[in-house]
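Take a look at the structure below.
All ligand and atom numbering here is 1-based and tracks the order in the structure.
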Amino acid sequence: MASVVGLSARYANFLIHPLPPGPGICQICHGMAKPGYPTCWPCQQAAEVLGNGVADAVVPISLALKREQYANELWRYKNTHGPQQQYFRMGLAAVLWRFLAAHEPCIATHCAVPGFDTVTIVPSTSGREGHPLHTMVAGMVGPTRDRYRDLLTPTEHAQALGRTASLARYTSSALWGETVLLVDDTWTTGAHAQSATAALKAAGAGCVAVVVLGRHLNSEYGDTATHVEHARLRRFSWDVCSLRNWRHG
Ligand SMILES: [Zn+2]
Ligand SMILES: [Zn+2]
């Protein structure tokens, strides 16, 4: 755990806690919602299309702002090679490790389950073998590797679906009520993670909670810059709990 603390330490300088749900904040993904609406448009669409198939909890570890450090790292950990790639994978694996060590019990409490039996990832639509997220969650991250299972497979329709939430995007291995922690790197519209959740539930999963490393936002879009300014007022701390809205320890 010492190296996890060391490797994740620098992230406290630039990770940003998503704003807690409230007016103007999406209750599901913690992105922006139009005034008077409980969720953002993509989350509302996902709920319309997938019904009860949507996630029981969506937990972004941090905002990831286009062209800033964290969004950059979330791109580079899968698109660079050699020592640089290894450096970013180690760092992001430590972020996930440290976050889950502190807050996975809070996610379970939020979902009213004793814990998560199984951990899996949203597979990339391109179907690339040996995806770095797989390497991290199935191998590097202590709290997830022993529970990891390859459950989801993109269907032949996945590419063509673009950014639409759909039950036709993935298939899942059969489950018998297991609770699932579903991990993804970036949440933009949530269409991939919510479609994956719906496939898990259709296959028999119990509660499904989604943890994403970064909630992607573009500060140049609409009022996003103001939203981000608000979020930055709260200094990042590993102890701040986005689910119980208090500090641990
Ligand atoms: Zn949303
Ligand atoms: Zn917590």
Side-chain angles (χ1 to χ4, degrees), residues 1 4-5 8 11-12 15-51 53-66 95-116 122 143-144 163-166 181-184 186-198 207-219 221-224 227-228 230-231 234-249:
M1 194 70 189
V4 170
V5 170
S8 60
Y11 288 89
L15 293 191
I16 305 168
H17 290 296
L19 287 167
I25 314 295
C26 175
Q27 289 181 7
I28 294 168
C29 72
H30 303 254
M32 294 172 64
K34 278 191 183 157
Y37 287 85
T39 69
C40 68
W41 172 241
C43 285
Q44 189 196 319
Q45 269 188 316
E48 274 171 26
V49 174
L50 304 171
V54 294
D56 296 281
V58 176
V59 187
I61 296 176
S62 168
L63 300 182
L65 307 169
K66 193 176 177 180
V95 167
L96 183 62
W97 186 323
R98 191 164 179 182
F99 181 85
L100 290 177
H103 301 295
E104 190 183 332
C106 315
I107 305 171
T109 303
H110 181 86
C111 295
V113 295
F116 295 96
V122 179
T144 57
R163 282 192 173 166
T164 321
S166 169
L181 193 67
L182 176 62
V183 180
D184 203 1
T186 301
W187 176 294
T188 305
T189 64
H192 290 91
Q194 292 287 31
S195 301
T197 302
C207 162
V208 178
V210 177
V211 170
V212 290
L213 285 161
R215 170 67 177 92
H216 190 85
L217 287 175
N218 179 358
S219 296
Y221 178 79
D223 299 328
T224 308
H227 174 99
V228 171
H230 279 152
R234 196 156 54 138
R235 229 184 123 173
F236 186 85
S237 156
W238 296 100
D239 299 333
V240 166
C241 189
S242 60
L243 287 138
R244 301 201 287 182
N245 213 11
W246 66 38
R247 218 172 237 274
H248 289 253

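Ser8 places a side-chain heavy atom less than 4.5 Å from the side chain of Trp238. Looking at heavy atoms from C-beta onward, Gln194 lies in side-chain contact with Ile28 at the 4.5 angstrom threshold.
In summary, an N, O or S atom of Cys26 is located under 2.8 Å from the Zn ion (ligand 1).
Rounded to the nearest 0.5 Å, atoms CD1 (Ile107) and CG (Leu100) are 6.0 Å apart.
No side-chain donor from either of Thr189 and Arg163 sits under 3.5 Å from a side-chain acceptor of the other.
The SG atom of Cys40, the Zn ion (ligand 1) and the SG atom of Cys43 define an angle of 100° (nearest 10 degrees). Vertex the Zn ion (ligand 2); arms to His103 atom ND1 and Cys241 atom SG; angle 110° (nearest 10°).
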